[in-house]
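So the structure is just underneath, and the comments pick up after that.
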Amino acid sequence: MVLAGAGSGKTRVITYRIAYLIRNAGVPPHNILALTFTNKAAGEMRHRVDTLLHQGSSRGLWIGTFHSIFARLLRNSIDLIGYDKNFSIFDSEDSKSLIRQSMAELNISAESVPVNTVQGLISRAKNSFILPSEFHRNASDYNQQKASQIYELYARKLKENNALDFDDLLIKPLELFNAHPEVLQELQETFRYIMIDEYQDTNRAQYLVAKMLGARHRNIFVVGDDAQSIYSWRGADISNILNFQDDYHDALTFKLVENYRSTGNILKAANNVISCNLRQIKKELISHRNEGEPLTLIEAYNERNEAERVGEQIRNLRLKQGFEFKSFAVFYRTNAQSRVLEDVMRQHKIPYKIFGSVSFYKRKEIKDAVAYLRFILNDRDGESLLRIINFPPRKIGDVSIAKLKEFAEEREISIYEAIRRADEGAFQARLVNALGSFSAVIEALRKTALNGTVYDVLTELFALTSIPLLLQAENTTESLARHENLQELLSMARDFSDHNPDAGSLGDFLENISLASDYDETQESDNFVSLMTVHAAKGLEFPVVFITGLEERLFPLHCYEPEELEEERRLFYVAMTRAQEKIFLSWAQSRYQYGQQHHCLRSMFVGEIDSSIVQTESGNFLSDRLAKEKAASLPSRGYQPKTSSISSAAAAAGTSKPSLFREGTMVHHAVFGSGVVLDVQGSGARQKVRITFRNAGEKTLMVQYANLKIQK
């Protein structure tokens with residue numbers, strides 16, 4: 001195992017080993033299997049091998065993604081487990097379609113369990129190599145119980161279609177090897193040298209296949225970094241790399257700790273933070289470069305001020321040190337945070353580009369919500385009408401819409417007027433009811449818009465349509481991100497209403513959005529500031545990095561379990577180690593969330609950095625400032641005393657006040673919904689509560705981060 005720290009030249013390790021085996025050790029290319037996670041990485045690896053040796057020398061070499069290599073293996077032998085070799089591979093949409101068919105046959109409605117939720121649960125089960133029977137036995141909450149029924153039928157239907165979904169490409173080899181050991185033995189003899197890149201990102205199915213293939217020759221070579229394991233939400237299992245030595249007792253471990261990217265102070269800060277994790281393989285990065293500048297802490301009074309000060313620092317560094325726009329990257333924990341940053345960049349004419357996502361105002365859920373607002377003002381806006389008539393789903397299909405248009409043309413009225421008068425046409429009762437429900441929502445929103453603020457209208461829209469609740473119930477990574485974006489739109493509306501009490505009309509609000517969404521982000525240049533989530537930043541590097549939103553419950557994000565908190569810390573470590581020259585850490589004392597302004601505590605992660613290498617914007621070192629502050633004032637400022645450290649906001653909760661929670665307390669959680677406390681563990685900052693939620697099952701949450709509301 002090669003533990004390759006950030007910036008240590010990890011990408012060279014596998015390619016040089018492959019080249020050495022072929023050129024120096026005389027190993028035939030077809031005996032080498034190299035597994036990666038992306039087609040781009042596989043292509044780059046093959047290209048580098050060809051460059052190191054000579055063009056075409058990688059012919060016969062097995063280099064590819066887990067999915068592509070396993071699909072190739074299955075083409076040779078899948079007939080042994082009841083499939084034809086010409087099987088189809090279903091993409092995500094094909095998979096959803098088959099899940100819908102299965103749900104229809106089982107009389108399970110998409111309203112009771114969203115299709116995306118079912119697909120996510122089945123995918124996670126397959127990635128953990130949990131087959132339908134085991135999934136059914138262990139299903140705990142309502143969603144899992146329904147998904148277990150669907151999973152079983154869905155698996156049968158895939159086989160009837162002679163098809164595999166993407167996750168099957170990982171688990172069908174395991175089924176094949178277990179049923180036909182002779183196939184496994186042949187492959188073990190072929191693949192004498194197995195290499196795996198980004199081993200910390202492997203899931204259980206990938207781990208098991210690799211272990212089975214390498215069992216005979218025990219020549220398995222993995223490269224990764226446990227400190228950069230940040231994908232548990234999509235199935236990655238950090239224990240695969242942490243337990244490597246347990247799986248292979250005679251394995252050798254090499255640590256690459258010399259970093260060629262970042263300055264000494266950046267690495268010192270990164271080492272400070274990651275050392276707080278308990279589940280890790282200890283290593284400390286050392287710098288190949290000089291000490292460099294200290295980290296700079298930006299303490300803003302709200303998120304707008306934070307974005308303004310980020311923009312100001314970019315302008316200052318360009319003027320004083322000659323940095324180009326492309327030297328800067330701004331990271332945030334959630335996609336929704338990009339909105340205010342984009343607004344400020346546009347206002348100050350700083351070219352930018354969003355990576356790994358689309359601009360805030362171009363995201364589907366935002367365009368859908370804005371279309372409602374447009375239609376309230378102008379009911380002749382046909383484009384907006386078509387966008388919202390089935391958002392949320394109302395089962396008003398294209399055929400029904402075509403009939404509505406005909407009805408409108410016959411009566412010489414608008415389509416919306418035709419909707420309101422649908423009972424006069426020859427439409428089915430179901431359609432008339434659906435159209436009546438839609439027009440009732442529009443009229444109610446119009447009434448609110450007459451006397452209320454933009455915030456009032458959006459609040460009413462979300463209440464009448466239950467769109468945010470539907471996204472929460474779906475409970476997938478994508479749906480929760482969409483929910484966050486809608487809440488950010490609500491916060492934007494509240495901010496707009498608060499600051500424009502007289503002139504803040506719905507029309508003004510929409511005009512601002514139109515101007516923003518029409519902005520040419522890159523201005524036809526490749527010189528722009530990069531905006532992205534920290535997840536999207538992995539593998540990249542920039543001279544200057546801003547890590548924004550460093551507040552409790554934002555970064556770290558709603559951490560309820562120690563394992564989740566450690567992954568958030570690894571994510572912060574990844575963010576810091578993207579920087580080459582300079583890091584800015586920023587937080588806001590207050591922030592609009594869910595349409596309300598909330599007081600914020602500074603992230604505990606900032607408090608884990610040695611204060612002697614962190615300065616304020618005015619150039620004062622925090623170690624000097626903290627030494628002058630009275631200990632009694634620290635909790636209210638979000639600090640936690642720690643030897644040569646900035647504080648942690650978590651200390652603020654470490655009092656001995658009696659608990660608000662006890663067995664039987666009814667509570668509500670922003671994501672998991674309503675639940676009942678089963679028991680309370682600990683006290684103060686470490687207090688946890690075990691809760692059974694009606695829709696999300698049983699969870700154990702840390703009280704200081706969970707923001708639970710007691711229901712009476």
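Looking only at side-chain heavy atoms (C-beta outward), L435 and I389 come within less than 4.5 Å of each other. Using a 4.5 Å cut-off on side-chain heavy atoms (C-beta onward), K364 and R387 make contact. In this structure, R394 and T465 have side chains that are in contact, with non-hydrogen atoms separated by less than 4.5 Å. In this structure, L531 and Y332 have side chains that are in contact, with non-hydrogen atoms separated by less than 4.5 Å. Side-chain contact between R234 and T477 is absent, with no heavy-atom pair separated by less than 4.5 Å. The shortest distance between side-chain heavy atoms of N161 and F90 falls below 4.5 Å. In this structure, V534 and F555 have side chains that are in contact, with non-hydrogen atoms separated by less than 4.5 Å. Counting heavy atoms from C-beta on, the side chains of P132 and Y154 never come closer than 4.5 Å.
Of the N and O atoms on the side chains of D456 and T448, not one donor lies less than 3.5 Å from an acceptor on the other residue. Side chains of D343 and Y361: a donor-acceptor N/O pair is present below 3.5 angstrom, by distance only. At a cut-off of 3.5 Å, with distance as the only test, a side-chain donor of Q337 or T334 sits close to an acceptor on the other residue.
Residues forming a ring pair (Phe, Tyr, Trp, His ring centres under 6.0 Å) with F70 (at least two apart in sequence, or on another chain): F66. Residues meeting the ring pair (Phe, Tyr, Trp, His ring centres under 6.0 Å) test with F427, sequence neighbours left out: F407. Legend: residues meeting salt bridge (Lys or Arg N to Asp or Glu O under 4.0 Å) with E308, ordered by chain and number and at least two apart, are R304. Considering only residues two or more places apart in sequence or on other chains, K157 meets the salt bridge (Lys or Arg N to Asp or Glu O under 4.0 Å) condition with E105.
Remark: N39 CG is loosely packed, at most 12 non-hydrogen atoms of other residues, nucleotides or ligands lying under 6.0 Å away. The neighbour count for R204 CZ, taken as heavy atoms of other residues, nucleotides or ligands under 6.0 Å away, does not exceed 12. Under a cut-off of 6.0 angstrom, the local environment of CD in Q597 is crowded, with over 12 non-hydrogen atoms contributed by other residues, nucleotides or ligands.
A donor-acceptor pair is defined here as one N or O able to donate and one able to accept, closer than 3.5 Å; no such pair exists between the side chain of R591 and the backbone of E551. For the pair D84 (side chain) and N86 (backbone), a donor-acceptor distance under 3.5 Å is absent. Under the 3.5 Å distance criterion, the side-chain polar atoms of T548 are matched with a main-chain donor or acceptor of F331.
Applying the side-chain hydrogen bond (donor to acceptor under 3.5 Å, both in side chains) test to every pair with at least one member in residues 398-413, sequence neighbours left out, gives these pairs: R411-E424. Evaluation of the ring-ring contact (aromatic ring centres under 6.0 Å, His included) test over residues 365-403, restricted to residues two or more places apart or in two chains, returns F375-Y416.
Note that the OG atom of S133 and the CG atom of N138 stand 9.5 Å from one another [nearest 0.5 Å]. To the nearest 0.5 Å, atom CG of residue N433 and atom NZ of residue K395 are 13.0 Å apart. E303 contributes atom CD, which lies 6.5 Å from atom CG of D495 (distance to the nearest 0.5 angstrom). Atom OG in S437 sits 8.0 Å away from atom CD1 in I396 (nearest 0.5 Å).
In this structure, R346 pairs ionically with E342, as a charged nitrogen and a carboxylate oxygen lie closer than 4.0 Å. For the pair E568 and R333, the salt-bridge criterion is met [side-chain N within less than 4.0 Å of a carboxylate O].
Annotation for A163 and Y83: closest pair O-CE2, 3.8 Å, computed over non-hydrogen atoms.
Using the six-membered ring where Trp is involved, F166 and H67 have ring planes that are perpendicular, over 60° apart on the 30 and 60° scheme. Between F528 and F355, the ring planes lie tilted relative to each other; the angle falls in the 30° to 60° range.
In summary, of the residues considered (D165, D167, N203), a side-chain hydrogen bond (donor to acceptor under 3.5 Å, both in side chains) with K126 occurs for D165 alone.
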Could you please spell out the steps behind the side-chain contact (heavy atoms from CB on, under 4.5 Å) verdict for F87 and K172?
-> CA-CA 12 Å; F87 60 84; K172 290 303 173 186; over 6 Å; no
